[in-house]
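These notes concern the structure reproduced below.
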Amino acid sequence: MADSLAVTGDLRTEPWRRAVETVPREAFIPSFFRPVDGPGETLWAPVTTELVAGAELLQLVYSDATWVTQLDRRLTPEQTDLPIAGVPTSSSTMPGLVVRMLEELGVEDGSKVLEIGTGTGYSTALLSERLAGAAVTSVEFDPEVAGRAGRALRSTGFDPTLVVGDGIDGHAAGAPYDRVVATCSVRHIPTAWIDQTRAGGSILTTLTGWLDASAGLVRVEVFEGGSAEGRFLGTTDSFMPARPHDRPPLPDDLFDWLSDSPVEERVTSVGPDVLDQAVDWTAAFVAQLAVPGCQPLGISEDDGPMVNYLIDAELEAFAALIPQSDGSWRVRTAGRVDLWARVESKLAAWDALGRPSLDSFRLDITATAQTVRLSDSVGSEFAALPLGT
Ligand SMILES: C[S@@+](CC[C@H](N)C(=O)[O-])C[C@H]1O[C@@H](n2cnc3c(N)ncnc32)[C@H](O)[C@@H]1O
């Protein structure tokens, strides 16, 4: 695995290579789920020592793949013999991404690191191998996930500080840190991470919104007084959302609200494809920045074609994109703001600038605002991130 991660360029330096060669990934994922190919909703098949032969299991463990270890915040592979549906809520991230982030973190001997999202403990073990356990603190939200990671870390001889709690609050008792790295994504950089990073230290995390459109991996340097700034790295990486930053439940009276609200309908030249990261990662990132409080919902009305809704419960607004038989789109909007107009105008602004790539964006953080800007038009604010909890 180390050889192939070196070939892909994810693994670049000798100390991280030693860490990859030393940490046995199988100790951190003794069992996991693998996705089953097929139409419709993804099903997850358990991979355990009872169900899969040792050699095949090891081959999967040492492939550059993300292996899901928990579904719906409770299900583990031992709880089923058959493929099941569910939303992944914990995993061992693909080693290529883990290692690339660790390389990007720029640690040195003696660096103190705070990791958010222990998960299986694999990345925590790599950090502990590289820096010695005492320098590494890792926070995991889910007590059972944290318990399994703790046992795996101890069984492989690593001794980082493990904290069960909400990583959005960091871990003040171990501050200041030289580096903060998150393996779950956030909507904005939590104030606690900035407060707990020493001046000159840095934070590496993915930023995303509630549309699941696409994420931006960003590294910011923290300055005296609590400001920070840095660049998006331009890679197409994403992580599961940090739990308190995940989207809230939709309103109970959603369907009444959608059907009873007065709407306006118009033609639009921008279809819902702009939210599809597979079509254009940066376009989806830009569209998401325009409507950070929106959640997606697909509804097939009267067995007709799928209508894509964007719902912003806080703004009490929604937009519905309705496909036309000639391939064009109409949009129906309701509420205080025209959500789709925000997407259209943010995309038009990005288009007018020549569709700059994700690594042309940067993030500026002050005590009161987090602002995405374009690097070559420094003064111009591109989007403000939603702050709060
Ligand atoms: C992709 S997994 C982490 C992968 C892990 N670093 C590894 O190498 O196995 C993301 C983890 O973040 C955890 N998580 C989600 N929100 C969190 C939060 N607010 N604080 C700490 N951990 C959180 C999830 O429970 C999940 O275990």
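Position 1 is the first residue of the sequence; numbering continues from there. Both counts, for ligands and for their atoms, begin at 1 and track the order of listing.
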Give one line per pair: atom of ligand 1, protein atom, distance. Only N/O to N/O under 3.5 Å.
residue: ligand 1; atom: 6 (N); partner: Gly117; partner atom: O; Å: 3.0
residue: ligand 1; atom: 6 (N); partner: Ser123; partner atom: OG; Å: 2.7
residue: ligand 1; atom: 6 (N); partner: Thr183; partner atom: OG1; Å: 3.1
residue: ligand 1; atom: 8 (O); partner: Ser123; partner atom: N; Å: 3.2
residue: ligand 1; atom: 8 (O); partner: Ser123; partner atom: OG; Å: 3.1
residue: ligand 1; atom: 9 (O); partner: Ser91; partner atom: O; Å: 3.2
residue: ligand 1; atom: 9 (O); partner: Thr120; partner atom: N; Å: 3.2
residue: ligand 1; atom: 9 (O); partner: Thr120; partner atom: OG1; Å: 2.6
residue: ligand 1; atom: 16 (N); partner: Arg243; partner atom: N; Å: 2.8
residue: ligand 1; atom: 19 (N); partner: Asp166; partner atom: OD1; Å: 2.9
residue: ligand 1; atom: 20 (N); partner: Gly167; partner atom: N; Å: 2.8
residue: ligand 1; atom: 22 (N); partner: Phe141; partner atom: N; Å: 3.2
residue: ligand 1; atom: 25 (O); partner: Glu140; partner atom: OE2; Å: 2.5
residue: ligand 1; atom: 25 (O); partner: Arg243; partner atom: NH2; Å: 3.2
residue: ligand 1; atom: 27 (O); partner: Ser90; partner atom: OG; Å: 2.7
residue: ligand 1; atom: 27 (O); partner: Glu140; partner atom: OE1; Å: 2.8
residue: ligand 1; atom: 27 (O); partner: Glu140; partner atom: OE2; Å: 3.4

| Judged by atom type as modelled, is there a donor-acceptor pair below 3.5 Å linking the side chain of Glu265 to the main-chain atoms of Arg330? | no
| query | Can Phe28 be reached from Phe239 by stepping across I, L, V, M, F, W or Y side chains whose heavy atoms are under 4.5 Å apart? | reply | yes
| Looking at the rings of Trp67 and Phe32, which for Trp means the six-membered one, are their centres under 6.0 Å apart? | yes
| request: Quick one: closest heavy-atom pair of Gly293 and Arg187, and the distance? | output: CA-NH2, 3.8 Å
| said: Whether the side chain of Arg219 engages the backbone of Glu104 through a donor-acceptor N/O pair (distance < 3.5 Å, no angle test) should be reported. | reply: yes
| request: Please determine which of Val270, Leu321, Val267 meets the side-chain contact (heavy atoms from CB on, under 4.5 Å) test together with Val331. | output: Leu321
